[in-house]
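For reference, the structure is listed below as structure tokens.
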Protein chains: 2
Amino acid sequence: MAGVSRKASKTGAANATTADLVAVLVAVTDGEPKIMTIANAGALPSGPFEFAHRSLQTGLRAWVEAQTGHPLGYVEQLYTFADRGRAGDAKSPHSISISYLGLTREDKVGHGFEAHWSGWYEYFPWEDQRSGLPATLAKTLASRLRAWSKSAATASLQRERWQRVAITFGLDEREWNEELVLQRYELLYEAGLVPEAVRDGASAAAVIPGRPMSGDHRRILATGIARLRAKIKYRPVVFELMPSEFTLLQLQRSVEALAGRLVHKQNFRRLIEQQQLVEETGAIAADTVGRPAKLFRFRHGVLAERAVVGTKLPLSRT
Amino acid sequence: MAGVSRKASKTGAANATTADLVAVLVAVTDGEPKIMTIANAGALPSGPFEFAHRSLQTGLRAWVEAQTGHPLGYVEQLYTFADRGRAGDAKSPHSISISYLGLTREDKVGHGFEAHWSGWYEYFPWEDQRSGLPATLAKTLASRLRAWSKSAATASLQRERWQRVAITFGLDEREWNEELVLQRYELLYEAGLVPEAVRDGASAAAVIPGRPMSGDHRRILATGIARLRAKIKYRPVVFELMPSEFTLLQLQRSVEALAGRLVHKQNFRRLIEQQQLVEETGAIAADTVGRPAKLFRFRHGVLAERAVVGTKLPLSRT
DNA sequence: TTGGCTTATACTTATCCTGAGCATAACCGA
DNA sequence: TCGGTTATGCTCAGGATAAGTATAAGCCAA
């Protein structure tokens, strides 16, 4: 084992690869989650990894700022992929994509840049469960997935497939789990129901709605959405997507947009207030219908005060 | 932006890098967490990324199996680092480390391989809070950290530093948070209190106990421990580290070993049982002191039945 | 054989958190 | 002034959690 390690550093040239950074840049505008896209909304922004920065993180930050003309709020690494498409070709140098999740606001993008923002549910229509799925989409999905299950060789494999479908898509009385974005996409890919699968060699089955992307980008996007949906539950990252002042309903709408689900209004407020995440600005929202709401701002102090992580272990206090 | 993307694929040769896989392989033996090490316990096993596999994951799996002679249970990607040490040299090709967390059992390692297992608390003595810290270590840590806080330029910077110290190390009446492994290591690095910092150019301050590793490896290990400590709370991954049959106390000891904290016995059992994670084998533990305990086994079925993810959003059911 | 030590396992209790709903307040426009 | 709309305060039941008490079942030494 030690030998392997030493060999690795000696033969550096032999394992040369190309590395790219891929960014999932998210904003929420008018209660809709958006992502920055290029190539006519068919790809995520990406660039070569050729920075002289201390870390990948600052490299991405610098690159995005150079491209968009505006600083990036929250950044976190997502995942490192070996491109699925080119992997079959064992002779070519491997291509690695290091993906990042970044949170900003749409209005922060400077002018003169050719960035586009696309609603993320264009790529994953089934992920928006805020008002249930459109009946036609729900039916299409269910029937195609059932057909795929049935196409397995043995009865037990068929049952296995359907159980997986039911869990990831919340069928058969099961609950919808909004965090399983990646699992759902990968299942659809496996079932040959997305254009990328057909492109990569699957038999051209009937494809379901949802705009494809080039390369692995839709998979990377799914990873980003899943991560963000998990993160908003235990870290106050939504505020990176909000204007400096907002009403509690606006905040709620943003969370709902990201989660793809509706939340209980009063309980949502209780949650926010008891965690002391926000403070009143004193101002009142203007030009609204109904009773005017108080404006709040994020209490940046909480980030310094707390290191919020939830415990599920029955820790002993003694 | 689209231009940048296109340029990236054209100049593939220009952004060549070397990529290595680094593995944090964990086992728990006799209530002590161990990691596989090489180079006289001074480095994590690592190898070049030169596999013709479909994914990085299977690449790592194959490599570990070849090296240790045994299959790997659970595998997950940790993080991709640009090596901190070599980053200053902007001319050299960048080196990227893609790190993975893997769970096995020590006895699974075949013979004839030169793998070594080291207790992970050798590298992070302060992370074992099961029986409190040894008084001397606690004192050394606190005083060195306070000195570092005091060495800041202004009073406000000093306060800021100390608040960070207090939060990450649970000082000043704050609670210890076992998940902040990486934050603690990085703070110690920043404060120049670990050998790696001195090696990388920090002034040779008084260094605290804890065995160093080459390169970024101790940072990668910290990332792995943190990830595992978080994961055991919401996914049944501990069982990958257990023998096929075990008592509830053994299970508890393993969890405690990983978390570095003690848990409440009765509540721990209730938690395990109500989640239906285990089932009785019918057998009884032999050669023990005290009342003999029932033996249990992991119910592998739960993995298929559930997609356990916790919700903290006040979701609306209507 | 019995008392003491150790661990296993069953119950109890108080408290907090969560989901859900009711009620009232404050604004607008017809 | 009434109806529509959103804001905000409050209650209530059920479940989860933290912590402790009590009893069971082995072993060993006196």
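Chain A is the first sequence line, chain B the second, and so forth, proteins listed ahead of strands; every chain is numbered from 1.
Tyr74(A) and Glu240(A) are not linked by any side-chain donor-acceptor pair at a separation below 3.5 angstrom, with hydrogens and angles left out of the test. With 3.5 Å as the limit, one finds no donor-acceptor pair spanning the side chains of Tyr185(A) and Gln183(A).
Remark on DNA chain C: of its neighbouring residues Pro292(B) and Asn267(B), the 5'-side contact belongs to Pro292(B), judged by nearest-heavy-atom nucleotide. Along DNA chain C, the nucleotide nearest to Gln266(A) and the one nearest to Gly290(A) differ in position, and the one closer to the 5' end is contacted by Gln266(A). When each of Val289(A) and Glu273(A) is assigned the nucleotide of DNA chain D with its nearest heavy atom, Val289(A) is the one assigned upstream, toward the 5' end.
Here the C1' atom of nucleotide dA8(C) and the CD atom of Glu280(B) are 12 Å apart, to the nearest Å. Across the protein-nucleic acid pair, Leu271(B) atom CG and dT17(D) atom C1' stand 9 Å apart, rounded to whole Å. Distance, Leu262(A) CG to dG19(C) P: 14 Å, rounded to whole Å. Atom CD of Gln250(A) is separated from atom P of dT6(D) by 13 Å (rounded to the nearest Å). dA23(C) atom P lies 17 Å from atom NZ of Lys265(A), rounded to whole Å. Nucleotide dC22(C) holds its C1' atom 10 Å from the NE2 atom of His264(A), rounded to whole Å. Here dA10(C) presents its P atom at 14 Å from CD of Gln274(B), a figure rounded to the nearest Å. Atom CG of Leu249(A) is separated from atom P of dA26(C) by 19 Å (rounded to the nearest Å).
Listed for the Arg184(B) side chain is a donor-acceptor partner under 3.5 Å among the backbone atoms of Thr168(B).
Residue-to-nucleotide contacts include no donor-acceptor pair under 3.5 Å from the side chain of Arg270(B) to the base of dA10(C).
Among Trp120(B), Trp126(B), Tyr121(B), the one residue that satisfies the ring pair (Phe, Tyr, Trp, His ring centres under 6.0 Å) test with Phe124(B) is Trp126(B).
Contact annotation: Arg269(B) reaches the phosphate of dT9(C) (side-chain N/O to OP1 or OP2, under 4.0 Å).
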